[in-house]
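First up is the structure itself, then whatever we jot down about it.
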Amino acid sequence: DSGVTQTPKHLITATGQRVTLRCSPRSGDLSVYWYQQSLDQGLQFLIQYYNGEERAKGNILERFSAQQFPDLHSELNLSSLELGDSALYFCASSPDRGREAFFGQGTRLTVV
Amino acid sequence: AQKITQTQPGMFVQEKEAVTLDCTYDTSDPSYGLFWYKQPSSGEMIFLIYQGSYDQQNATEGRYSLNFQKARKSANLVISASQLGDSAMYFCAMREGLNGGSQGNLIFGKGTKLSVKP
């Protein structure tokens with residue numbers, strides 16, 4: 001158990017819909033990262049939050065947004081979903097000045 | 001240019017034998033970290049081992065060791081005494097800019113699928 005919790009584990013939704021993925025980082029970790037894993041793109045960095053503030057953006061679509069709350073949990077919002085958004089979405093957390101990066105179990109999103 | 005290159009899409013190894021998974025990286029940052037993760041068919045990403053660019057010794061964690069050759073920019077994972085449960089995808093990743101509090105994101109290679117034969 002990495003200590004990073006993601007919910008839900010599985011999500012099936014229709015095109016055009018909006019979903020929210022949730023992540024609780026390891027206790028005390030200030031940084032939260034979101035990654036998308038798809039068959040054709042591999043593991044892609046989406047966005048990073050550090051202590052409530054956006055720190056870095058990767059290949060995140062404009063239809064996607066995220067936030068980190070005062071209790072450090074984070075949510076990734078995906079809207080106007082397309083079939084190509086079907087993927088495994090991971091959240092990871094890292095301690096301040098720490099070397100490790102621990103991943104949650106992922107949310108498998110299927111858009112039908 | 002790819003920052004992390006894993007040239008072996010798939011590999012087979014006999015149970016109880018050792019196997020080396022290759023990883024080369026590209027960075028101009030003097031301060032970076034290299035990671036290996038295991039992803040079994042269930043999908044979770046399991047952290048295996050870490051090597052910092054300034055670490056003097058190669059990292060080891062149980063049956064896992066990292067063969068770090070800085071001049072060649074390679075960070076190969078060695079798994080000793082392979083077990084059937086080692087069958088999985090293995091990803092090499094790099095994090096740049098380790099100075100400071102907030103660490104940067106991980107950049108992943110495309111992975112190597114390891115199959116352990118009984």
Side-chain angles (χ1 to χ4, degrees), chain A residues 1-6 9-10 25-26 28-60 66 68 72 87-110, chain B residues 2-10 23 25 29 31-55 57 59 61 64 66 68 75 88-113:
Chain A
D1 183 4
S2 68
V4 179
T5 303
Q6 287 188 250
K9 284 190 170 48
H10 300 277
R26 295 191 324 152
D29 286 358
L30 300 180
S31 283
V32 169
Y33 311 78
W34 287 97
Y35 293 85
Q36 178 195 59
Q37 185 180 28
S38 60
L39 282 174
D40 53 346
Q41 295 291 328
L43 270 155
Q44 298 278 318
F45 166 65
L46 295 178
I47 196 164
Q48 176 196 359
Y49 277 81
Y50 178 77
N51 202 19
E53 294 189 1
E54 182 184 304
R55 184 56 63 99
K57 263 186 175 179
N59 300 319
I60 188 166
Q68 186 179 28
L72 300 180
L88 191 51
Y89 291 84
F90 285 106
C91 166
S93 76
S94 288
D96 198 25
R97 299 184 182 276
R99 310 191 307 180
E100 305 92 344
F102 294 95
F103 282 73
Q105 292 201 324
T107 294
R108 188 171 296 278
L109 173 68
T110 303
Chain B
Q2 287 206 14
K3 291 219 167 193
I4 296 286
T5 303
Q6 294 181 254
T7 57
Q8 306 152 315
C23 173
Y25 60 93
D29 195 321
S31 180
Y32 54 90
L34 298 158
F35 299 72
W36 277 92
Y37 287 87
K38 172 185 178 182
Q39 186 177 40
S41 57
S42 53
E44 71 264 37
M45 293 289 284
I46 302 167
F47 168 75
L48 295 179
I49 198 167
Y50 170 87
Q51 180 84 42
S53 59
Y54 294 121
D55 292 345
Q57 294 189 328
E61 291 284 350
Y64 304 108
L66 201 152
F68 181 46
M89 282 291 288
Y90 288 81
F91 291 94
C92 179
M94 176 174 65
R95 170 180 271 167
E96 297 171 300
L98 293 186
N99 296 320
S102 165
Q103 308 295 1
N105 60 282
L106 292 173
I107 304 163
F108 284 88
K110 293 191 181 301
T112 295
K113 184 172 183 179

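Side-chain atoms are counted along with the backbone in the values below, which use heavy atoms only and exclude waters and symmetry mates.
Ring orientation note: the planes of B:Phe108 and B:Phe91 are nearly perpendicular, at an angle over 60° on the 30°/60° scale. Ring pair B:Tyr32/B:Tyr25 is tilted by interplanar angle, where 30° to 60° counts as tilted.
By the side-chain contact (heavy atoms from CB on, under 4.5 Å) test, A:Lys9 is found to be paired with A:Gln105, residues two or more places apart in sequence or in another chain being considered.
When heavy atoms are compared at a cutoff of 4.5 Å, A:Leu43 approaches chain B by way of both its backbone and its side chain. Of the atoms belonging to B:Gln39, it is side-chain heavy atoms, and not backbone ones, that fall under 4.5 Å from chain A. Interface residue A:Gln37: only side-chain heavy atoms are found under 4.5 Å from chain B.
Comment: B:Glu96 engages B:Lys3 in a salt bridge, judged by a side-chain N to carboxylate O separation of less than 4.0 angstrom.
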